[in-house]
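See below for the structure under consideration.
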Amino acid sequence: MSASRTPGASPRVHAAVDLGASSGRVITGRLEGGRLHTEEVARFPNGPVPVPSRGRDTLYWDILSLYKGVLEGLRLAAEPHGGLASVGIDSWAVDYGLLDGDAALLGNPVHYRDARTVGAPERVFEHLPAAGLYAVNGLQVQPFNTLFQLAAASDDGQLTSLARDLLLIPDLLGYWLTGERVAELTNASTTGLVDVHTRAWADVCLDVLEGPFGVPVRGLLPRLVEPGTVVAPLRRRDAVGSAAGAPLVAVGSHDTASAVVAVPATTPNFAYVSSGTWSLVGVELDSPVRTEESRAANFTNELGVDGTVRYLRNVMGLWVLQECLRTWRAQGREVDLADLLERAARVPALSCVVDVDDPRFLPPGDMPARVAAFAAGTGQTPPGNDAETARCVLDSLALAYRQAVHQAADLSGRRVDVVHVVGGGANNALLCQLTADAVGLPVVAGPAEGAAVGNLLVQARAVGEVEGGLADLRRIVADSTQTLRYEPSGPVGPWEAAQRRLHG
């Protein structure tokens with residue numbers, strides 16, 4: 001691994017646009033002496049916006065507000081340096097925007113937590129059975145996968161008559177910045193429309209949408225590009241200031257793909273937990289696992305950087321705790337997260353556990369009441385206060401991580417010696433320790449901004465500042481990150497018993 005800067009020249013500065021479900025941020029990175037130095041230069045809010053539609057509230061993303069935050073962030077990132085060496089965008093998966101024949105946006109993108117996809121997978125399976133679909137796209141069944149979203153929207157005239165382009169969120173923002181329409185592969189692989197073996201759009205999936213559902217999807221999808229592709233320079237100096245002219249790199253634009261690049265692993269025998277609003281738990285493989293056992297376990301094969309496969313399961317993640325906090329604060333209670341976690345640590349372990357992946361925990365709402373109702377419905381004593389609720393959620397997350405790590409190893413044949421936690425959950429010491437206890441393996445936590453770090457390193461390699469494979473990029477992460485290691489602190493027997501209590 002080497003740098004290609006001229007000795008004595010100023011460090012080249014890259015900018016990562018990292019969009020999460022609750023906030024967006026622009027983070028700059030520069031490489032010096034084999035280490036990556038990062039700085040957050042902008043942060044802006046994000047979240048679902050309910051709007052009355054068809055007799056109910058439809059959840060939308062405020063994409064224009066996000067775009068405004070991106071423009072301001074890129075200006076701030078570039079101004080002190082007179083420009084940027086490159087820019088990359090990553091975000092959550094599956095959601096999309098539609099453009100008409102004049103390239104005008106046809107409304108705000110619908111949020112993946114919207115209720116329109118209820119029952120959509122079953123309608124698709126009437127025409128393409130679940131086993132046949134899994135053999136092609138290798139994805140776990142999630143009602144919000146783009147394939148199911150499009151099937152659910154088949155009666156929407158914007159989609160079937162007016163739309164001329166369909167772009168996933170990072171690609172939509174990239175188009176507005178550069179004028180180039182592409183579909184970056186790691187994110188496209190989450191849609192359910194990509195053949196996980198050929199890494200191309202899957203004809204059998206497109207046929208289902210175009211035939212029974214009447215969605216003209218072939219005419220809407222752009223060309224696929226691999227992560228690391230230099231797309232085009234940023235345009236419009238009036239909008240992005242001195243960032244204009246910087247090349248946009250199609251990084252691992254699914255934030256988990258970028259986060260996995262940033263796992264500071266020194267051995268291939270690792271599992272990862274990309275822990276944020278969602279938790280993505282799995283292992284990195286060279287080829288997909290599409291066995292019937294894998295499908296039955298609801299494991300997904302998403303494409304990664306450098307031809308890899310992210311073999312994982314989606315776990316509901318810190319969303320459940322975030323919604324608890326939002327509910328309590330909406331009730332007028334001032335709940336400090338650090339104090340809440342300190343009190344939760346004193347609650348006896350595994351007093352109450354819930355299946356965090358139960359569909360009732362997916363939409364926004366009164367999450368503490370849902371946790372209590374699940375506990376009561378499974379013969380447990382519901383949590384009696386906020387600390388007990390928080391402990392229940394964190395114990396339940398660790399239990400879900402345990403199941404996912406062990407199943408990923410068993411189904412893939414990959415030995416796991418250590419679990420790496422990257423993303424915001426790396427800052428949650430209680431969750432990291434519970435994960436070590438539950439899985440029965442050491443946990444290494446960090447970096448917390450894993451998606452941005454992976455985003456920056458793929459950019460730097462794409463423009464020739466560094467070279468090498470994933471192991472070389474991860475060596476930079478390891479040299480640049482202060483990680484924390486958590487060792488298992490007790491027997492796994494109680495966790496096994498809790499798992500049997502929930503799942504048999």
Side-chain angles (χ1 to χ4, degrees), residues 93-94 117 120-151 168 183-209 211-212 217 221 224 226-227 252 254 256-257 259-260 268-274 278-315 357 400-401 403-416 470 503:
V94 305
T117 57
E122 290 73 19
R123 295 198 295 275
V124 170
F125 296 153
E126 291 175 3
H127 307 283
L128 179 58
L133 182 62
Y134 192 78
V136 175
N137 66 24
L139 293 188
Q140 71 182 110
V141 176
Q142 298 274 24
F144 46 70
N145 289 346
T146 316
L147 168 61
F148 302 134
Q149 289 199 39
L150 293 173
L168 298 173
E184 188 279 319
L185 193 57
T186 69
N187 209 11
S189 74
T190 70
T191 63
L193 303 175
V194 168
D195 186 315
V196 73
H197 178 68
T198 66
R199 300 172 78 90
W201 296 118
D203 283 333
V204 66
C205 300
L206 306 186
D207 288 345
V208 167
L209 286 174
V217 66
L221 297 174
L224 289 163
E226 290 278 352
H254 183 199
T256 306
V260 173
N269 299 321
F270 69 89
Y272 56 82
V273 179
S274 179
W278 282 94
S279 290
L280 296 303
V281 187
V283 295
E284 185 176 75
L285 302 176
D286 296 324
S287 58
V289 179
R290 290 179 287 178
T291 62
E292 178 58 24
E293 292 80 6
S294 178
R295 185 184 74 83
N298 217 21
F299 265 77
T300 205
N301 295 269
E302 296 173 355
L303 300 179
V305 173
D306 288 4
T308 57
V309 171
R310 292 172 285 131
Y311 184 62
L312 58 85
R313 180 189 289 143
N314 282 46
V315 174
D357 292 325
Y401 297 168
Q403 184 179 37
V405 168
H406 288 177
Q407 284 189 307
D410 291 343
L411 293 166
S412 69
R414 171 60 58 87
R415 192 180 88 234
V416 174
L470 286 174
H503 303 292

Which value, rounded to the nearest 0.5 Å, describes the distance between [X] atom [atom1] and [Y] atom [atom2]?
X    : Y    : atom1 : atom2 : answer
N187 : L224 : CG    : CG    : 11.0 Å
Q407 : L312 : CD    : CG    : 12.5 Å
T300 : N298 : OG1   : CG    : 8.0 Å
L285 : S412 : CG    : OG    : 5.0 Å

Do [X] and [Y] have side-chain heavy atoms sitting under 4.5 Å apart?
X    : Y    : value
V309 : E302 : no
Y134 : V141 : no
L221 : W201 : yes
N137 : N301 : no
V204 : D195 : no
V196 : R290 : yes
L411 : F299 : yes
V217 : L150 : yes

If every non-hydrogen atom of [X] is compared with every non-hydrogen atom of [Y], which pair is closest and at what distance?
X    : Y    : answer
A259 : S274 : CB-OG, 3.6 Å
G192 : L139 : N-CD1, 3.3 Å
N145 : T190 : OD1-O, 3.8 Å
L470 : E284 : CD1-OE2, 3.8 Å
A188 : T191 : O-OG1, 2.6 Å
S189 : T186 : OG-O, 2.8 Å

Go through the steps for R313 and Q140 under the test side-chain hydrogen bond (donor to acceptor under 3.5 Å, both in side chains), then give the verdict.
-> CA-CA 7 Å; R313 180 189 289 143; Q140 71 182 110; over 6 Å; no
State whether E226 and R199 are salt-bridged, where the test is any N-O pair (Lys NZ or Arg NE/NH1/NH2 against Asp/Glu carboxylate O) under 4.0 Å.
->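 Looking at R199 together with E226, the answer is yes, because their closest N to O distance falls below 4.0 Å.
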Could you tell me whether E126 and R123 have a side-chain N and a carboxylate O separated by less than 4.0 Å?
->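 Looking at E126 and R123, the cut-off is not met.
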H127, NE2: over 12 other non-hydrogen atoms inside 6.0 angstrom |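 Counting neighbours around NE2 of H127, more than 12 heavy atoms of other residues, nucleotides or ligands fall under 6.0 Å, so yes.
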Just by distance, with hydrogens left out, do S294 and E292 show a side-chain donor and acceptor under 3.5 Å apart?
->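 S294 vs E292: no donor-acceptor pair found between side chains.
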Answer yes or no: is there a donor N or O on one side and an acceptor on the other, between the side chain of S279 and the main chain of V315, under 3.5 Å?
->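 Judged by distance alone, no pair lies under 3.5 Å.
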